[in-house]
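The structure appears right after this line, and notes come after that.
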2 protein chains.
Amino acid sequence: MDIQKLIDKGFAVKTFKKDAIIYEPGMQPRYVYFIKSGEVRMVTISDEGKEFIQGVFKAGQYFGEPALLIDRPYLAFTIINKDSHIIQVSKDDFFGLIENEPGFSMSIIKTLSKRLFYKSMMLEELANEKAEHRLLTIINYLLAEVKVGEQLKVTRQELADMTGLRVETVIRGVKSLSSKEEIFMVRGKIVRVK
Amino acid sequence: MDIQKLIDKGFAVKTFKKDAIIYEPGMQPRYVYFIKSGEVRMVTISDEGKEFIQGVFKAGQYFGEPALLIDRPYLAFTIINKDSHIIQVSKDDFFGLIENEPGFSMSIIKTLSKRLFYKSMMLEELANEKAEHRLLTIINYLLAEVKVGEQLKVTRQELADMTGLRVETVIRGVKSLSSKEEIFMVRGKIVRVK
DNA sequence: TTCTAAATATGATGCAGATCATAAAGTGCT
DNA sequence: AGCACTTTATGATCTGCATCATATTTAGAA
């Protein structure tokens with residue numbers, strides 16, 4: 001689904017500032033959110049206040065469908081990472097798009113499949129693998145998204161929040177992986193070398 | 001999608017015996033599998049041989065679409081739990097069903113959303129929560145599927161394989177939850193009381 | 001350039017859950 | 001009823017990562 005198409009259809013664009021919360025756990029879903037610009041993170045927060053990053057969504061992507069489609073309250077927070085322009089599409093309008101926009105339902109199916117794939121991979125890691133293995137897995141996953149020679153712009157804290165580890169553990173782990181040449185660093189940043 | 005409808009359309013039913021492996025990690029996906037009868041489990045296995053149960057599928061359900069749809073090799077094993085009758089639908093036929101069967105694409109979207117929901121929940125648990133909390137979460141999740149007064153027919157080993165814990169830890173955890181009356185047992189089995 | 005906050009670094013200690021070992025109940029089969 | 005196999009049980013020890021404390025380095029703002 002092209003964002004411009006939605007705007008042409010008359011859907012309104014809303015502005016959200018960094019750190020704004022779009023929805024939080026327990027809320028009943030009413031919209032699907034299409035990102036025109038900016039970035040959001042979807043996180044669950046434990047009783048002790050520890051964040052776990054369920055996903056990051058950027059311009060051109062949408063989020064919030066699963067809870068809406070199965071009609072269950074949200075499990076996660078969705079928080080604005082960078083000032084964003086977002087289109088809220090109501091449940092009825094969303095169902096309308098699925099019915100009437102050719103190819104849209106297939107696009108949703110593929111998007112959901114991709115996310116499911118990522119979560120299956122991470123579940124296996126969290127259930128069975130040790131810190132360094134987990135780290136190497138997400139790092140390689142993230143590296144696949146950047147060009148050869150470019151660096152990952154994630155902090156150790158973010159890696160921690162994606163793997164369920166602690167910053168200190170991530171810092172030590174990244175060091176160790178680097179010394180074993182399983183990953184490569186340039187001025188403190190992880191880079192893709194091939 | 002009704003299984004009978006598939007049979008009427010001429011799709012062949014294959015028989016699989018307990019413990020047969022339908023596919024394993026690394027294989028390129030070619031089919032979507034519809035279960036006419038029986039049960040399969042989808043598991044990932046760590047280097048040290050530890051199983052993690054990604055999902056269990058029963059009569060009327062289908063599995064194997066995500067990898068096929070995003071055209072990536074399987075991450076998991078799918079193994080027959082109980083002798084089964086299964087219909088293999090090729091990629092082209094599957095796309096055909098999505099295009100032509102009214103309501104089928106919506107059904108897939110909902111199914112994928114539900115699985116995503118479960119995986120998000122488990123990721124949060126594995127990333128942030130301690131053994132007993134994890135246990136209580138899947139137990140309650142599983143109890144929602146059975147009637148009041150009925151018991152869960154899962155072994156401690158299966159609970160371990162769903163939570164990434166060890167049998168001994170599950171046994172101790174279940175004992176502890178039971179003594180705190182957070183769950184209720186009848187003759188060694190967890191029962192739903194309300 | 002200087003100040004401040006965020007990110008990275010590193011050592012010391014503690015603890016939940018893994019691991020190992022061994023036994024007691026169940027459960028199904030003949 | 002007897003046997004083999006699976007599941008549950010329980011204690012003892014070990015260990016990876018969390019936790020706590022305290023620097024040091026880097027980045028962004030004034």
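Per chain, numbering begins at 1; letters A, B, ... match sequence-line order. Just so you know, these numbers come straight off a predicted model, no measurement behind them.
Using a 4.0 Å cut-off between charged nitrogen and carboxylate oxygen, Arg134(A) and Glu125(A) do not count as a salt-bridge pair. Using a 4.0 Å cut-off between charged nitrogen and carboxylate oxygen, Asp83(A) and Lys17(A) count as a salt-bridge pair. Ion pairing between Glu101(A) and Lys9(A) holds under the 4.0 Å rule for side-chain N and carboxylate O.
Here dT26(D) presents its P atom at 12 Å from CE of Met185(A), a figure rounded to the nearest Å. Following rounding to the nearest Å, Gln151(B) (CD) and dT7(D) (C1') show an atom-to-atom distance of 14 Å. Computed from coordinates, the Leu159(B) CG to dT8(D) C1' distance equals 12 Å when rounded to whole Å. Atom CZ of Arg156(B) is separated from atom C1' of dT10(D) by 14 Å (rounded to the nearest Å). dT8(D) atom C1' lies 19 Å from atom NZ of Lys153(B), rounded to whole Å. Between Ile171(A) atom CD1 and dC20(D) atom C1' there is a gap of 14 Å when expressed in whole angstrom units. Regarding Leu177(B), its CG atom lies at a distance of 13 Å from the P atom of dA9(D), rounded to whole Å. The interatomic distance linking Gln157(A) (CD) with dA9(C) (P) rounds to 14 Å, in whole Å.
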(message) Walk along nucleotides 11-19 of chain C from 5' to 3' and tag each nucleotide B, S or - by protein heavy-atom contact under 4.0 Å, base first, then sugar-phosphate.
(response) BB----SSB

(request) Sugar-phosphate means primed atoms, P, OP1 and OP2; the rest is base. With that split, encode nucleotides 23-30 of chain C 5' to 3' as B, S or - using protein heavy atoms under 4.0 Å. (result) --------

(request) Before giving the answer on salt bridge (Lys or Arg N to Asp or Glu O under 4.0 Å), spell out for Arg41(A) and Glu158(A) the whole-Å C-alpha distance, their side-chain angles and the decisive distance to 0.1 Å. (result) CA-CA 11 Å; Arg41(A) 71 180 186 280; Glu158(A) 285 167 330; over 6 Å; no

(request) Could you give me the CA-CA distance, side-chain angles and deciding distance for Tyr31(A) and Ser90(A), then say whether side chain to side chain donor-acceptor pair (under 3.5 Å) is met? (result) CA-CA 4 Å; Tyr31(A) 303 105; Ser90(A) 75; over 6 Å; no

(request) Determine, stepwise, if the pair Leu159(A) / Val167(A) fulfils side chain to side chain contact (heavy atoms under 4.5 Å, CB included). (result) CA-CA 8 Å; Leu159(A) 288 175; Val167(A) 221; over 6 Å; no

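Ring orientation note: the planes of Phe94(B) and Phe104(B) are nearly perpendicular, at an angle over 60° on the 30°/60° scale.
Aromatic rings from Tyr33(A) and Tyr62(A) are positioned such that their centres are separated by 6.0 Å or more.
OP1 or OP2 of dT8(C) has not a single side-chain nitrogen or oxygen of Lys175(A) nearer than 4.0 Å.
Judged by distance alone, with hydrogens and angles left aside, the side-chain atoms of Glu99(A) form no donor-acceptor pair with the main-chain N or O of Gly96(A) at under 3.5 Å.
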